[in-house]
There are 2 protein chains.
Amino acid sequence: MTNQHQLQLDRVFHALGDPTRRAVVRRLGQGPASVGELARPHKMALPSFMQHLAALEKCGLVRSRKVGRVRTYRLQPKPLKAAEKWMVEQRALWERRLDRLDDYLLQMKESET
Amino acid sequence: MTNQHQLQLDRVFHALGDPTRRAVVRRLGQGPASVGELARPHKMALPSFMQHLAALEKCGLVRSRKVGRVRTYRLQPKPLKAAEKWMVEQRALWERRLDRLDDYLLQMKESET
DNA sequence: TCCATACTTAGGCATATGACTAACCAACAC
DNA sequence: GTGTTGGTTAGTCATATGCCTAAGTATGGA
């Protein structure tokens with residue numbers, strides 16, 4: 001695990017730690033959308049909302065392209081997968097340990113007889 | 001999805017958005033540990049480190065119990081699973097959409113002939 | 001050309017975060 | 001009971017975050 005990846009994970013998790021930004025990720029799961037479309041459901045000044053978009057783009061969860069005066073955002077799968085991977089790995093380790101613990105306790109129980 | 005759950009997710013993701021706290025989670029995956037044990041690998045004043053533990057406990061990722069003068073922390077699986085679930089769901093939606101898109105493009109291609 | 005649309009930039013402000021030191025308890029261990 | 005260990009509280013400080021308003025830019029349409 002390189003430092004770069006660590007920093008990336010930091011940013012991704014931090015980005016997801018906000019309901020507005022998670023809502024944006026959910027929305028973009030349905031397909032690309034413009035700044036205006038994304039902002040509409042959130043009662044928040046546009047510049048404030050754009051900071052959230054910037055955070056999402058900075059951590060790579062999202063990409064944008066401007067055509068004419070419209071900027072369109074789309075979801076980017078890799079960072080989400082990386083974060084998911086981290087959690088799945090953690091859980092795997094944790095569960096493996098509990099399995100070993102079960103074995104151990106089982107052996108204890110058997111050796112009682 | 002209740003507001004409570006939202007808030008919980010906010011806190012969990014935020015908690016994971018810090019390398020020190022992720023390291024603690026990884027460490028606790030191996031089994032419970034005391035404050036001192038957890039703190040040792042991190043060159044940071046103890047009170048600073050304890051703030052991280054507090055953050056982890058506040059979002060439910062971790063629980064602690066004090067016996068004598070030693071406080072022992074253990075991992076708590078539920079919130080981690082909740083966060084993982086959110087991500088898996090997101091990815092599922094996103095991939096389903098891409099599948100439909102593939103179908104669509106495929107149909108376009110077929111109708112060309 | 002003139003106006004509306006769709007963002008963008010600049011700047012300000014309150015609160016939250018993350019780190020520190022210093023001083024403080026509460027159990028052991030002698 | 002005196003000192004040591006393990007943790008806790010209190011208080012300070014710098015920076016980051018998240019929101020706002022006001023003003024600016026650039027595109028597209030009439």
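Naming convention: chains lettered A, B, ... in sequence-line order (proteins, then strands); numbering from 1 in each chain.
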What distance separates A:Arg21 CZ from A:Leu53 CG, expressed to the nearest 0.5 Å?
10.0 Å
I'd like the 5' and 3' limits of the part of DNA chain D contacted by chain A, with heavy-atom contacts below 4.0 Å.
D:dG18 to D:dG28
Please list residues of residues 46-59 of chain A whose heavy atoms come under 4.0 Å from any atom in DNA chain C, ordered by number; otherwise none.
A:Leu46, A:Pro47, A:Met50
Residues pairing under ring-ring contact (aromatic ring centres under 6.0 Å, His included) where one sits in residues 43-71 of chain A, two or more places apart or in two chains, turn out to be A:His42-A:Phe49
So, does A:Arg74 use its side chain to make a donor-acceptor pair with the main chain of A:Gly29 at under 3.5 Å?
no
Please check if A:Val70 and A:Leu38 belong to a single hydrophobic cluster, counting links between Ile, Leu, Val, Met, Phe, Trp and Tyr side chain heavy atoms closer than 4.5 Å.
no
Let me confirm one number: the CZ-CG distance from A:Arg22 to A:Asp18, rounded to the nearest 0.5 Å.
7.5 Å
To the nearest 0.5 Å, atom CZ of B:Arg91 lies from atom CG of A:Leu75 at 12.0 Å
Mind running a 4.0 Å heavy-atom check of residues 34-43 of chain B against DNA chain D and sending the residues that fall below it, in number order?
B:Ser34, B:Val35, B:Gly36
Membership question, hydrophobic clusters at under 4.5 Å side-chain separation (ILVMFWY): are B:Val25 and B:Met50 in the same one?
yes
Which parts of residues 60-71 of chain A get close to DNA chain D, meaning a heavy atom less than 4.0 angstrom away?
A:Gly68, A:Arg69
If you define the side chain from C-beta out and look only at heavy atoms, does anything of A:Val67 sit under 4.5 Å from A:Thr72?
no
Runs of at least three consecutive pairs that involve DNA chain D, where pairs are Watson-Crick or G-U with distances under 3.5 Å
C:1-30 with D:1-30
Sub-3.5 Å donor-acceptor pair from the side chain of A:Glu37 to the main-chain atoms of A:Ser34, do we have one?
yes
Under 4.0 Å between a Lys/Arg side-chain N and an Asp/Glu carboxylate O for B:Glu57 and B:Arg63?
no
Grouping I, L, V, M, F, W and Y whenever their side-chain heavy atoms are under 4.5 Å apart, do B:Met44 and B:Val35 come out in a common cluster?
yes
Between A:Val62 and A:Leu46, is there a shared hydrophobic cluster once you connect ILVMFWY residues whose side-chain heavy atoms come closer than 4.5 Å?
yes
For a 4.5 angstrom cut-off between non-hydrogen side-chain atoms, does B:Leu56 reach B:Leu28?
no
For the pair A:Arg26 (side chain) and A:Gln30 (backbone), establish whether a donor and an acceptor sit closer than 3.5 Å, ignoring hydrogens and angles.
no
Is the shortest side-chain heavy-atom distance between B:Phe13 and B:Met87 below 4.5 Å?
yes
